[in-house]
Amino acid sequence: MAESHDNLLVRKTLKGDNEAFRLIVERYKNALFNLAYRLTQNRESAEDLAQEAFVRAYEHLERFDQQRSLFTWLYTICTNLTINELKKKGHYADRERNTWEQKGEDERIASDTWSGREFPEGEQKVDAEEKKDLLNELLGKIPDEYRTAVILRYQEELSYQEIAEVLGVSLSLAKVRVHRGIEKLRTIFQEMENLK
Amino acid sequence: MKKKDYKNLIFDLLDGDISPEERLLLEKECHKNPDLAREKESMEKVIAFFRNSRKFNAPSGFTERVMARIEKRPIPLKQRIIEWIRSDLEIHINWAWKWATVSILIFSLLGGAGWQYLRLQRLHSRIETLERRFSELEKQPIPMRFVFYNPTAKSVHIAGTFNDWTVGREYRLANLGRNGIWSITLMLEPGVYEYMFLVDEKDWITDPAALDFCPDGFGQKNSIVEVAREI
């Protein structure tokens, strides 16, 4: 039902009815923002990226295959934009080096949160509640391809097939990325537990 | 069962995709193997982080900011046309527009075909006129000069199929130079004719200068001339 309603909105938008596109934005804005936020861990970047994903979707809406799911397509755009943005800033390379065990507990406490360490000064508008978000902290320590996969699976609750579509990989590779991501998170989590 | 297989069972458990038998098998192994049990427990905790973590909502004014960015872009005409053609006629007026367009196309095609038919008719009529004129022109007599040499003749006539072998004054050759060269110019319609010269109104002589000959049925030969218009 939602699918066909999405397609109706897409067709109306293509006919020039921007109000239909407004409904699409309303329907998926939180999902895209949350995805971008979990990946970037920065509100401003997340909003910019989620906005850009909608604008790109609008501009290329005629390319959208209406046999597919709209939200998977929007996730694909948002995920690709976010990953490209993070690659440009070199965040992933830094995160790979800044593993929990390399920092040590004292440094971890002194540096407050992972989010505070990683992003440029202008992007450090993270509120107190978000700083306490342990999930963000854990996610910051695994490579982008695994992080994207586990977020899509366990936070956005996409099926493996949908994850494969969003990431543009095979079903088996999507599963491998989710499993490896979880395995890495588990290792980091266990190390954290041992340090306590 | 290998350790790797038990790990896969943990993933199946996390994905809710495990059979009761496999679950029992995993539980038994965890009971025997504390490391595997700890692994399973920490994995479940990680997944619980995801499931219990808050979802962040887009900030207020997000939709307006997106719409402000897209409303500046007009929909390209090509895109509108493509979508209009693809559309499945949700609105009644679309039928009217489509039928109107189809009708205009049909009338245009019929009109075009009718106009082409009239044009062909006119062309055909002009061709017929030209053919008639050409045929008339083909039948127009052409001046044909016959020359015969006989220094001793007192009179020379020409007769043939063009005048039913009649001998008359209008077919008498002239000997203008009195030098034995007799000549006459006749207006003949295009065609092939047999002819002979009649010397002194008694001797039928074949024109030696003729291009071709044929038997005359009296033991002599008729001369042949072809009268044709030069193109």
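Per chain, numbering begins at 1; letters A, B, ... match sequence-line order.
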Spacing of [X] atom [atom1] and [Y] atom [atom2] [to the nearest 0.5 Å]:
| X | Y | atom1 | atom2 | value |
| --- | --- | --- | --- | --- |
| A:Y154 | B:L14 | OH | CG | 5.0 Å |
| A:Q190 | B:E39 | CD | CD | 6.5 Å |
| A:R22 | B:M67 | CZ | CE | 5.0 Å |
| A:R43 | B:F56 | CZ | CZ | 6.5 Å |

With B:K55 as reference, evaluate A:N34, A:L35, A:N30 under the side-chain contact (heavy atoms from CB on, under 4.5 Å) test and give the passing residue.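 For B:K55, the side-chain contact (heavy atoms from CB on, under 4.5 Å) test succeeds with only one of A:N34, A:L35, A:N30, which is A:N34.
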Please rank A:K175, A:E157, A:E52 by heavy-atom pairs under 4.5 Å with chain B and give me the top one.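 Among A:K175, A:E157, A:E52, the one with the most close pairs to chain B is A:E52.
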Is chain B contacted by the side chain of A:F189, its backbone, both, or neither, given a heavy-atom distance below 4.5 Å?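 Just the side chain, heavy atoms under 4.5 Å.
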Sub-4.5 Å side-chain heavy-atom contact between [X] and [Y]:
| X | Y | value |
| --- | --- | --- |
| A:E47 | B:R65 | yes |
| B:F50 | A:L138 | no |
| A:R153 | B:D15 | yes |
| A:F21 | B:T63 | no |
| A:V25 | B:F62 | yes |

With a sphere of 6.0 Å drawn around CG of B:L130, does it hold more than 12 non-hydrogen atoms of other residues, nucleotides or ligands?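 Counting other residues, nucleotides and ligands, CG of B:L130 exceeds 12 neighbours.
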For the student: nearest non-hydrogen atoms of B:I47 and A:I182, plus distance: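 The answer is CD1-CD1, 3.4 Å.
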How are the rings of B:F11 and A:H179 set relative to one another: parallel (under 30°), tilted (30 to 60°) or perpendicular (over 60°)?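 Ring orientation of B:F11 relative to A:H179: parallel.
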